[in-house]
Amino acid sequence: MKWSETGLKTLREVPADTALPSHALLTRGGFIKKLTAGIFTYGPFMVRAIHKFENIVREELNKKNCVEILMPMVQPTELWIQSGRLNIYGELLQKMKNRTGQEFCLGPTHEEVISNYVKNNINSYRDLPFCLYQIQNKFRDEIRPRFGLMRAREFLMKDAYSFDLNEEQAKESYKKMESVYQAIFSRLNIPFRTVKADSGEIGGDLSEEFHILAEHGEDELLFTDSFAANREVCPVYFSQEPTSAFPPHKEKKPEEFSTSGIKTIEQLSRFLSISTDQLVKIIFLSCRIDSDSTQNIAFLLRGSDELNLYKVKKHLKLKEAPLFLTAQEVKKLSGVDPGSCGPIGLSIPIYMDQELKTLSYFVTGANKDHYHIKNVVPERDFKVSGIGDFRYAKPGDKGPDNQVLRSCRGIEVGHIFYLGDKYSKKMNIYYLDQKGNKQPVKMGCYGIGITRTIQAVVEHSHDKNGIIWPKSIAPFLVHICLLNPQDQKTREVANQLYQSLWKKGIDTFLDDRDEKPGVKFKDADLLGFPLRINIGARDRIKGLVELIIRPTGKREKVPTSSTLEKVLSCV
Ligand code: ATP
Ligand code: MG
């Protein structure tokens with residue numbers, strides 16, 4: 001590809017509304033162009049990076065006998081009614097009607113369509129197992145599309161679906177896919193981590209995410225040498241059984257004390273000279289029970305901890321995540337300012353974080369404005385509806401291997417999930433086993449965000465001058481800067497090298513624009529292809545070209561005659 005053929009322009013300035021370096025660099029380099037919020041055109045370089053990554057994905061999936069198909073993007077919403085997901089997906093679904101009034105959505109994922117596709121092909125146990133995949137545009141009407149391709153409304157995804165006879169076989173398929181993902185992301189040559197993730201309504205621990213590590217990643221990951229989890233779901237490994245009885249502290253009686261002017265847990269901690277982890281705070285939530293009723297509940301946890309709504313949702317088996325009550329709602333419920341609330345005298349269910357068992361007596365709000373109360377004992381002074389792991393794990397906690405958890409940030413680029421018979425039962429995918437009994441097929445689903453991965457690679461790998469592409473998905477391996485395009489001899493040298501590199505199968509880009517060398521150098525750094533060759537009139541007379549390695553900036557003059565061999569040894 002020659003620059004003059006692309007119709008492309010780069011941008012000098014960092015565009016507005018690009019909060020991440022990767023978003024800014026991809027926009028400045030003409031890799032992507034925003035059409036409207038969350039929707040992008042992929043330029044010629046981006047398309048090449050996409051194809052390279054897609055090839056890696058295809059090669060690794062095909063190696064493990066997964067078979068490629070292509071499903072429609074347009075899906076009848078009645079399939080979503082059948083699977084029961086229409087309301088769960090809600091506003092994310094981009095819906096539309098055709099001329100007869102039939103309702104459709106643009107596919108955000110394809111469990112429903114693939115179920116429809118395989119249903120009639122599976123009759124007997126002999127028809128299983130198999131695994132299908134596709135690479136296709138997905139549509140999600142994200143509330144806040146941002147960070148370029150990271151959270152887009154239209155993006156490319158590889159989605160795969162496995163179909164197995166039973167749980168054991170399905171778990172093998174899951175493990176196989178985990179190893180495929182390891183192979184795919186290893187080939188990028190960018191650090192990544194596999195972490196435990198939300199396993200949704202199915203339960204169990206068969207859900208893993210793959211994250212590319214990046215300082216500005218959306219997710220916080222907690223890890224030790226042998227364990228890693230997304231902070232959202234990371235369990236707190238507490239040595240005592242959550243259900244064991246409280247130690248009998250009966251001697252001291254509750255005692256109120258004035259805390260006038262104290263509004264926060266930090267102020268209370270300073271006032272009492274007690275660290276926040278020795279204080280107990282109360283959090284009020286509203287949980288949806290069914291379509292027209294909600295229930296308020298309260299949670300107690302240490303003052304230094306943060307309530308994890310995912311854990312609450314899971315523990316209480318809620319369909320939707322609970323909501324925090326506003327200060328006004330709390331006041332209405334308890335009759336006092338939120339800062340003075342406590343568990344004693346409340347008439348709603350009260351849950352406690354398991355680690356409160358380490359405190360002999362609690363200090364809590366007194367449910368009386370400007371007062372707190374000490375020597376509070378659960379079960380003696382208020383009823384406890386349940387105890388569990390309700391807080392976010394944090395760096396410094398112990399992991400399951402007893403090592404201290406550390407933290408880093410990551411970008412979720414892949415997600416694998418064991419589905420069991422969640423969809424097969426609803427979408428009616430059954431087979432007859434050897435005894436002639438009808439059995440639901442066990443499924444798994446496996447996604448990779450193709451476009452998100454490419455931006456995540458850029459987010460991990462760039463410097464102040466531009467992108468530093470790993471060879472694995474670099475749009476081009478070699479970037480020739482033709483420095484004096486008006487000089488015919490120099491142009492010939494550049495064109496010859498360009499052609500011989502292509503003949504050797506090396507993806508080469510030629511900047512043949514009528515631009516000053518400085519402009520070309522800046523653009524070459526911005527585009528960030530691994531190897532640059534400067535060909536100028538002055539060097540050409542000496543029979544030399546200049547070779548520059550993008551990641552290290554190392555440069556050397558090489559005789560024109562041996563450039564081809566030199567490049568072949570570098571790429
Ligand atoms: P997130 O938690 O980031 O919203 P998700 O868990 O809903 O993502 P999945 O349904 O697991 O996403 O989709 C599979 C993969 O598709 C994700 O791992 C991610 O790489 C990619 N992906 C999901 N949503 C988007 C989006 N809005 N823009 C770009 N890529 C996305
Ligand atoms: Mg996910």
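Every number for a ligand or one of its atoms is a count from 1 in the order of the listing. What you are looking at is a predicted structure, and each value in this text was computed from that prediction instead of being measured.
- Atom OE2 is the N, O or S atom of Glu412 at the shortest distance from the Mg ion (ligand 2).
- Among Ile135, Ile450, Leu156, the single residue meeting the side-chain contact (heavy atoms from CB on, under 4.5 Å) criterion with Phe53 is Ile450.
- The protein non-hydrogen atom at the shortest distance from atom 27 (N) of ligand 1 is Glu142 OE2, 2.7 Å.
- Distance from atom 11 (O) of ligand 1 to its nearest protein heavy atom, with residue and atom name: His415 ND1, 3.2 Å.
- Nearest non-hydrogen protein atom to atom 15 (C) of ligand 1 is Gly449 N, 3.8 Å.
- In this structure, Met150 is part of the shell of residues with a heavy atom less than 4.0 angstrom from ligand 1.
- Of the protein's non-hydrogen atoms, the one nearest atom 9 (P) of ligand 1 is Arg140 NH1, 3.8 Å.
- Taking the six-membered ring where the residue is Trp, the centroids of Phe210 and Tyr181 are separated by under 6.0 Å.
- Considering just the N/O/S atoms of His415, the one nearest the Mg ion (ligand 2) carries the name ND1.
- For atom 3 (O) of ligand 1, the closest heavy atom belonging to the protein is Arg151 NH2, 2.8 Å.
- Every atom of ligand 1 is numbered from 1 in the order shown, and the set under 4.0 Å from a heavy atom of Val413 is 18 (O), 20 (O).
- Scanning the protein heavy atoms around atom 22 (N) of ligand 1, the nearest turns out to be Phe155 CE1, 3.5 Å.
- Aromatic ring orientation, Phe299 versus Tyr351: parallel (interplanar angle below 30°, classes split at 30° and 60°).
- The shortest contact between atom 13 (O) of ligand 1 and any protein heavy atom is with Met157 CE, 3.5 Å.
- Contact between Pro349 and Gln295 at its shortest, heavy atoms only, is CD-NE2, 3.4 Å.
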